[in-house]
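Written below as C-alpha cells is the structure these notes are about.
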Amino acid sequence: MKTTLFSVRIIMLRDLVQKAVYLGVGIASYAAETANSNIKELGNHAQKLVDTLVERGEMNAEEARRYVDELIREAQGEAIAHGSEENKQPRRIEIITDEEETNADPLAQKTPSQTEDVEALRRQVAALQAELQRLNRQP
C-alpha cells in the first residue's frame, strides 16, 4: 500500500496531539502530587508545633487535633482556590483625563486642593499599575 504525503502528515499530527495530551496529563499529575506533598509537609510541621504546645501545657490534645485538622482543611481549600484563579487576569481600570472630565460636566469647578488630591491619586494608581505589572512578570 502506497503512503501519501497527506496521510503521513495526518499521522504526524495525530501523534503530536497525542503527545500534547500526555504532556498535559503529566503536568496535572505532577501538580497534584506536589500539592499533596506540600499539604502533608504542612501537616507534619503543624503536628510538631502542636506537640510542642501540648508538652508546654499551652494547649490540650483535643484543641491540638482540631487545630491541625483546621490548618490542613484551609491549606487544601487554598490550593483548590489558587488553582481556579491562576488564569484570571486583573480587570482593567479606565482613567478619565481632565479634558474628558471637563467635557462631561463643564459646570464642575475644582478647588486647588481637589486638583492636588486628584493628581496624588493618579500618581498612586500609576505606582500600583507599575507594581502589578512587575508582579505579573515574576515567575
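Everything numeric in this text was worked out from a predicted model, so none of it was measured. In this chain, residues are counted from 1 in sequence order.
Asp117 pairs by the side-chain hydrogen bond (donor to acceptor under 3.5 Å, both in side chains) definition with nothing, not counting sequence neighbours. Scanning for side chain to side chain contact (heavy atoms under 4.5 Å, CB included) contacts around Gln133 gives Arg137, with sequence neighbours left out. Here Glu55 pairs with nothing under the side-chain hydrogen bond (donor to acceptor under 3.5 Å, both in side chains) rule; sequence neighbours left out. Every residue meeting the side chain to side chain contact (heavy atoms under 4.5 Å, CB included) condition with Gln47, not counting sequence neighbours, appears here in chain and number order: Asp51, Val68. Scanning for side-chain hydrogen bond (donor to acceptor under 3.5 Å, both in side chains) contacts around Arg9 gives an empty result, with sequence neighbours left out. Not counting sequence neighbours, Leu128 has no partner by the side chain to side chain contact (heavy atoms under 4.5 Å, CB included) test. Scanning for side-chain hydrogen bond (donor to acceptor under 3.5 Å, both in side chains) contacts around Gln124 gives an empty result, with sequence neighbours left out.
When hydrophobic clusters are built by joining Ile, Leu, Val, Met, Phe, Trp and Tyr residues whose side-chain heavy atoms come closer than 4.5 Å, directly or via intermediates, Leu42 is not grouped with Leu49.
Shortest non-hydrogen contact noted between Val54 and Asn60 is CG2-O, 4.0 Å.
Residue pairs meeting the salt bridge (charged side-chain N to carboxylate O under 4.0 Å, His left out) criterion with at least one member in residues 124-133, sequence neighbours excluded, are Glu131-Arg134.
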Show which side-chain atoms of residues 10-35 pair as donor or acceptor with protein atoms under 3.5 Å away, not counting sequence neighbours.
unit_1, atom_1, unit_2, atom_2, d
Gln18, NE2, Tyr22, OH, 3.0
Thr34, OG1, Tyr30, O, 2.8

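Expressed to the nearest 0.5 Å, how far CG of Asn44 lies from OG of Ser37 amounts to 10.5 Å.
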Q: Run the numbers on Glu62 and Arg66 for salt bridge (Lys or Arg N to Asp or Glu O under 4.0 Å), then give the verdict.
A: CA-CA 6 Å; Glu62 181 61 28; Arg66 279 185 280 158; 3.7 Å; yes
